Number of protein chains: 2
Amino acid sequence: MPEHDLQFLSELAAQLRVDSVRASAAAGSGHPTSSMSAADLMAVLFSCHLHYDFSRPDDPANDHLIFSKGHASPLLYSLFKAAGAISDEELLTFRQHGSRLEGHPSTRLPWVDVATGSLGQGLPVGVGMAMAGRLERVPQHVWVLSGDSELAEGSVWEAAEHAGSEGLSNITLIVDVNRLGQRGPTRHGWDLGAYARRFGAFGWHTVEIDGHDPGQIDFALSDARNTRRRPTVILAKTRKGAGVVEVENREGAHGKALKEPEQAIAELGGPRSLTVEVRRPAGRAEPYRFGGGELALPEFKIGDEVATRTAFGEALAALGTARGDVVVLDGEVADSTKAEAFATAHPERFFQMYIAEQQLVAAAVGMRVRGWVPYAVTFAAFLTRAYDFIRMAGVSQSPIRLVGSHAGVSIGADGPSQMGLEDLAMMRAVHGGIVLYPCDANQAAALTAEMADLSGVAYLRTTRGATPVIYPPGERFPVGGSRVLRHSPSDRATIVAAGITVHEALAAADLLAKEGIGVGVLDMYSIKPIDAAALMEAATTTGNLITVEDHRPEGGLGDAVLDAVSELGPRVVKLAVRGLPGSATPGEQLSDARIDRHAVVAAVKRLL
Amino acid sequence: MPEHDLQFLSELAAQLRVDSVRASAAAGSGHPTSSMSAADLMAVLFSCHLHYDFSRPDDPANDHLIFSKGHASPLLYSLFKAAGAISDEELLTFRQHGSRLEGHPSTRLPWVDVATGSLGQGLPVGVGMAMAGRLERVPQHVWVLSGDSELAEGSVWEAAEHAGSEGLSNITLIVDVNRLGQRGPTRHGWDLGAYARRFGAFGWHTVEIDGHDPGQIDFALSDARNTRRRPTVILAKTRKGAGVVEVENREGAHGKALKEPEQAIAELGGPRSLTVEVRRPAGRAEPYRFGGGELALPEFKIGDEVATRTAFGEALAALGTARGDVVVLDGEVADSTKAEAFATAHPERFFQMYIAEQQLVAAAVGMRVRGWVPYAVTFAAFLTRAYDFIRMAGVSQSPIRLVGSHAGVSIGADGPSQMGLEDLAMMRAVHGGIVLYPCDANQAAALTAEMADLSGVAYLRTTRGATPVIYPPGERFPVGGSRVLRHSPSDRATIVAAGITVHEALAAADLLAKEGIGVGVLDMYSIKPIDAAALMEAATTTGNLITVEDHRPEGGLGDAVLDAVSELGPRVVKLAVRGLPGSATPGEQLSDARIDRHAVVAAVKRLL
């Protein structure tokens, strides 16, 4: 590399450090030292290797850059300033009320694909982008900047396994090995070999460099982009707080503005106003897209017994035929979740993520960034493994689709480890989340298609066992709606149910009718948003509500109903799974949990 | 090994296969083929290497055996039968209503330390047991039987990193590499080298064997127990369904009873009734225990401003001084959570788990099995990373203690990735869970000590910023209780708050009082179980409740209150964090989220 280039890179890196110090000083908080260690790495990336058009952040030819170490946001924003994307004035709004420059990067900025700040998520999400890039056959590259501390997260190794085994050469992990975590030294310190052995074992190309040497960085980044058939990890030995004696390579300097920012800026050679011309992608990308056609959802005959998971699988395959943008990700249980139907129909858009639920969800987030409509599917119980990723998808406002099968005690003999009993609580609490829970096959099919275009994290809950088809094919079930299944002017209570318990509620209503007790039945297939108007109406006309759900009493259907009618205040009785189930038949389970028809009948009688 | 021993092992393995087939046939479901692949491995372990007294399952000298591949429960129960722990009659109750022999092993059986069935959890929990064994200086050994599919879980690699780096030689992972997952072939098939490279890179001793050769198994198990300074992984090449042509090494035979059980049993040589004398531990173990003394909790002066996280940290250190059984596990954020105070006072009982929250929680579960009282501490937001482990701790009814700091928007400028806003929903839904949320330093200290002896998964939520001390030192705050902070006969509403919002509620009450509007204030420091009586009383006397919480509207304090008063039906207005926060000061955050004093005042006025 010519001397004047090296000099520019060195000056640019100094500017990035200065600006990181300035932004943090203006905020009075932030992570300048974690920014300073990676300044040289990013200076070279932006100047020589990144292909990105800041005026067209959605250009599919753009590379992707993920700051997995989101706390190094001062560096990211300083880079945006150097690239001319934001002004110096905006840089100094860092962490202030109303600023786009949040403490950790968020998608409020058009150049940030996903929110980061929960460590160990950048690589798994980047893997999803790389999978999409491969599917689209475009030459874009995914660059992930990671800290060394976060390599302790198992999610990093799920991603390392997937990228290594699939030979995703279009992703590069740049590890800023500054040896110091938040609390003290990392486990491996500057032992780059420890990391290299691990990534090497997972099939990665590994490069170990001095992360403050622009020549070495340049070589490594070239090497990474040019390596075929394997992803590359660049292990860069750096010094936290590099460039300022007060903090360089010292413990106790994590996550704080510098005490003497003016002195630090002087030590770094003062402010500069260099600009970096980030290279735009060469030409327009034409991402490969699959064709589509008419949507022909499967149709099920009223009275037949069909599991909602089966209807979901068939509908998903039909949706894939109608829409070329739908992709499906499986947690190695597609035969059980019935996503297998999609795998058979559209094998090129079906991704086996094996038993790695964090990577399963992260890949969906990454593919979504590039415009795909991903359905990530596993058992409802095992989505709990990915809750932090789901939470962060909510923060990113990423419209991924999650489907959890085998919900509730009604799975039967497999026992509580396999029962999704916390999933409604977990999914309802996600920012902007949508929670759907069909009770019959035609409803499941309709909701599977309906959820494709929803904004926000959307969740569909399916049931293992066969249930009677009660709705005719072709009906629509809008999100936020509900269905009145039983209603008469003499109703003295309304049973509010969803999924498997709808059938118990209907049976209970029949039993009560025989005794001359009229009760209404509401099918709340949309648990979030919930049809508050229908609930208020039921509460007003019948006065009493009984909710019944195959889920824990906390955070599920019952709580959603109580919330919807809270300002009106009807009497509400909540039936839910309160004990610890063991093994039993589905019928025995519903009975033991006191959420079957007889429990509903008893609850109605107690109430009246 | 002498020929007659080899013949016994071969016969015993055949019996285990026969009994796995019989149990599954009786149940009509289960995982016989996943049991058959590991039968030789377990026959040799039970006959020659396991030290276990079935009549004294709590003997600290016992080895531990975890079936991480919990679906191979027919094999485990067949082993229990062979060891004389259960009868053949009980074996045939497998998966039936009321049986202790559930689809996946549960702690209803005295010889099962932790429930399994969510894959990839056995090794991390085993690591916790091995950590405890080392702390106790007893010679017990931890054996974990794992499938090959589950090695895709990141949690396995968090555990591999911890055990490898810490040199835990008292744990052995036995991987039943039968090459077939649930849906089809695993990623690496029979490539034992792929696994050996990975574990080797993480510092493990690796042994590759034929998993159906008793001599090789015996050698490997000896080698594992005798290896010093490193954990051992035994990678055993096996055939799923080994011994029965109908299913051996065939796809599509996962998780089903055999079609022709009688024929399979005949092929395996028919039923046998061998018994295996599992070797009892030699002598009594005397686990090292730390001394204790009087509990002297820190005391805070009314009116001072102290963060509840600070009080928690100091109380934890004091608790450690009083009780030698308390251990603390940190997710590399002890300086922020203030668990650092314990590290300083009791470094030998403080465990740095680095940024690996699944291993953090799993280690707590494992240490609890051996009688320790573990506090696992990180940011509330990052406990979401471990939700599946927390859920399974609930299934195991394991009384671990979790503490989440930096809850809610009130953390300020760091932004939503760092804000625990879903934790109350997540923790409330855990079976048998307890959720505590102190508002001041003395209350935080008291609850930190109070939670030590609670049954079930107990969670304490702490706040980043300093809040006024409002309770005198020394007061008790029983679980399930609450405190009336403001009350007069003329109250027209009651504000129900917890944690940070208690102070906003008090300020709102003051503002309203100036306008002549009397409102009560309830401090619901115990969110689960909740003080329903106090809420009913408030609902009855004031008619209107306003709940205010620094959490999403779903699944938190508001939902808990609605549930408690649901049969009475007062009007309830719920204030909670509905939007997506950005960066701002704590005060701005509370205001933006409309959970500050002014929002409470406005809500009261709207209601009246």
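Just so it is clear, the model here is predicted, and its values are computed rather than measured. Only heavy atoms go into these numbers, but all of them, side chains included; no hydrogens, no water, no symmetry mates. Labels below follow one simple rule: chain letters A, B, ... track the order of the sequence lines, proteins then strands, and each chain is numbered from 1.
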Peer 1: For chain B, find which of A:G432, A:S583, A:A584 contributes the most heavy-atom pairs closer than 4.5 angstrom.
Peer 2: A:S583
Peer 1: Going by the rule salt bridge (charged side-chain N to carboxylate O under 4.0 Å, His left out), which residues pair with B:R391 if we only count those two or more places apart in sequence or in a different chain?
Peer 2: B:D388
Peer 1: Show, in sequence, the C-alpha distance, side-chain angles and deciding distance for B:E332 and A:R187, and conclude whether the salt bridge (charged side-chain N to carboxylate O under 4.0 Å, His left out) test is met.
Peer 2: CA-CA 10 Å; B:E332 224 265 90; A:R187 181 168 250 147; over 6 Å; no
Peer 1: Looking at every heavy atom in both B:H104 and A:D414, which two are closest together, and how far apart are they?
Peer 2: ND1-O, 2.8 Å
Peer 1: Under 4.5 Å from any heavy atom of chain B, what part of A:T116 do you find: side chain, backbone, both or neither?
Peer 2: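 Just its backbone gets close to chain B.
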Peer 1: What part of A:A27 gets within 4.5 angstrom of chain B, counting heavy atoms only: side chain, backbone, both, or neither?
Peer 2: neither
Peer 1: Just checking, any donor-acceptor pair under 3.5 angstrom between side chains of A:H97 and B:D592?
Peer 2: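 The answer is yes; a qualifying pair exists.
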Peer 1: Highest number of heavy-atom pairs under 4.5 Å with chain A: which of B:G255, B:G70, B:S336, B:G98?
Peer 2: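 Ranked by contacts with chain A, first place is B:S336.
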Peer 1: Kindly give the heavy-atom pair with the smallest separation between B:Y354 and A:P185, and that separation in Å.
Peer 2: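 Nearest pair, atom of B:Y354 first, then A:P185: CE2-O, 3.9 Å.
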Peer 1: By a 4.5 Å heavy-atom criterion (distance strictly below it), what part of A:R183 contacts chain B: side chain, backbone, both, or neither?
Peer 2: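 For A:R183, backbone and side chain are both near chain B.
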Peer 1: Identify whether NZ of Lys or CZ of Arg in B:R198 sits under 6.0 Å from the centre of the six-membered ring of A:F202 and within 45° of that ring's axis.
Peer 2: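 Pair B:R198/A:F202 counts as cation-pi.
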Peer 1: Quick check on the interface: out of A:G555, A:S73, A:A356, who has the most heavy-atom pairs with chain B under 4.5 Å?
Peer 2: A:A356
Peer 1: With chain B as the partner, which of A:E158, A:K528, A:E102, A:Q182 has the greatest number of non-hydrogen pairs under 4.5 Å?
Peer 2: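 Of the candidates given, the most pairs with chain B belong to A:Q182.
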Peer 1: Counting only non-hydrogen atoms closer than 4.5 Å, does A:S149 touch chain B with its backbone (N, CA, C, O), its side chain (CB onward), both, or neither?
Peer 2: both
Peer 1: Compare every heavy atom of A:A413 with every heavy atom of B:R95, then report the nearest pair and how far apart it is.
Peer 2: NH1-CB, 3.5 Å
Peer 1: Heavy-atom distance under 4.5 Å to chain A: side chain of B:R100, backbone, both or neither?
Peer 2: neither
Peer 1: If we ignore angles and hydrogens, is there a donor and acceptor under 3.5 Å between the side chains of A:S566 and B:R571?
Peer 2: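 The criterion, which ignores hydrogens and geometry beyond distance, is not satisfied for B:R571 and A:S566.
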Peer 1: Heavy-atom distances under 4.5 Å only: say whether A:F389 touches chain B with side chain, backbone, both or neither.
Peer 2: side chain
Peer 1: Under a 4.0 Å threshold between the charged nitrogen and the carboxylate oxygen, would B:R606 count as salt-bridged to A:E567?
Peer 2: no
Peer 1: Based on non-hydrogen pairs under 4.5 Å, which of A:H162, A:Q121, A:R197 is most in contact with chain B?
Peer 2: A:H162
Peer 1: With no hydrogens and no angle check, just 3.5 Å: does a side-chain donor-acceptor pair link B:E554 and A:H431?
Peer 2: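 Note: B:E554 and A:H431 side chains miss the donor-acceptor criterion.
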Peer 1: Which atoms of A:S118 come close to chain B, meaning under 4.5 Å heavy atom to heavy atom: side chain ones, backbone ones, both, or neither?
Peer 2: both
Peer 1: Once salt bridge (charged side-chain N to carboxylate O under 4.0 Å, His left out) is applied, do any residues pair with B:E357, and if so which ones, sequence neighbours excluded?
Peer 2: none
Peer 1: Quick check on A:A115 against chain B: is it the side chain, the backbone, both or neither that has a heavy atom closer than 4.5 Å?
Peer 2: neither
Peer 1: For A:M419, is it the side chain, the backbone, both, or neither that has a heavy atom closer than 4.5 Å to a heavy atom of chain B?
Peer 2: backbone
Peer 1: Top residue by heavy-atom pair count (under 4.5 Å) with chain B, among A:G579, A:A160, A:G415, A:A381?
Peer 2: A:A381
Peer 1: With chain B as the partner, which of A:S165, A:S155, A:P416 has the greatest number of non-hydrogen pairs under 4.5 Å?
Peer 2: A:S165
Peer 1: What heavy-atom pair brings B:R108 and A:G582 nearest, and what distance separates the two atoms?
Peer 2: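 Nearest heavy atoms, B:R108 then A:G582: NH1-CA, 3.3 Å.
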Peer 1: Select one option (side chain, backbone, both, neither) describing which atoms of A:H188 are under 4.5 Å from chain B's heavy atoms.
Peer 2: side chain
